[in-house]
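Worksheet for the structure shown next.
Residue numbers run from 1 in the order of the sequence given.
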Amino acid sequence: MIRYKGDPCKIVARFNSTCQQCGKQIKKGESFYYWPNGKQAYCEKCGESEYNRFIESAMDEEIYNGRSW
């Protein structure tokens, strides 16, 4: 799958942060989902479903455009 600069990703926190949806503290060293365009962080529970929807949509788009992954 082609990745772009603004695509959301799952990363490990380098510093403490807060989930944009539920307000849970994301501590340094924990995995979380990050949306770079809005600079938004989501804990694993809140961000997983939206991230999976993004991945599914991106794969559908590649298949529609004739690219395979």
Next on the checklist: Looking at Asn65 and Glu62, would you say the former's side chain and the latter's main chain have a donor-acceptor pair under 3.5 Å?
Outcome noted: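 Not at all, since once roles are kept as given, no pair shorter than 3.5 Å links the two residues.
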Atom pairs and distances, side-chain donor-acceptor, residues 48-59, under 3.5 Å, sequence neighbours left out:
unit_1, atom_1, unit_2, atom_2, d
Glu50, OE1, Arg53, NH1, 2.8
Asn52, ND2, Glu48, O, 3.3

Next on the checklist: Between Gln21 and Lys45, is the side chain to side chain contact (heavy atoms under 4.5 Å, CB included) condition met? List the steps.
Outcome noted: CA-CA 10 Å; Gln21 187 168 339; Lys45 182 180 176 186; over 6 Å; no
Report, one line per pair, each donor and acceptor closer than 3.5 Å where one atom sits in a side chain of residues 23-41; sequence neighbours left out.
unit_1, atom_1, unit_2, atom_2, d
Glu30, OE1, Lys27, N, 3.1
Gln40, OE1, Tyr42, OH, 3.2

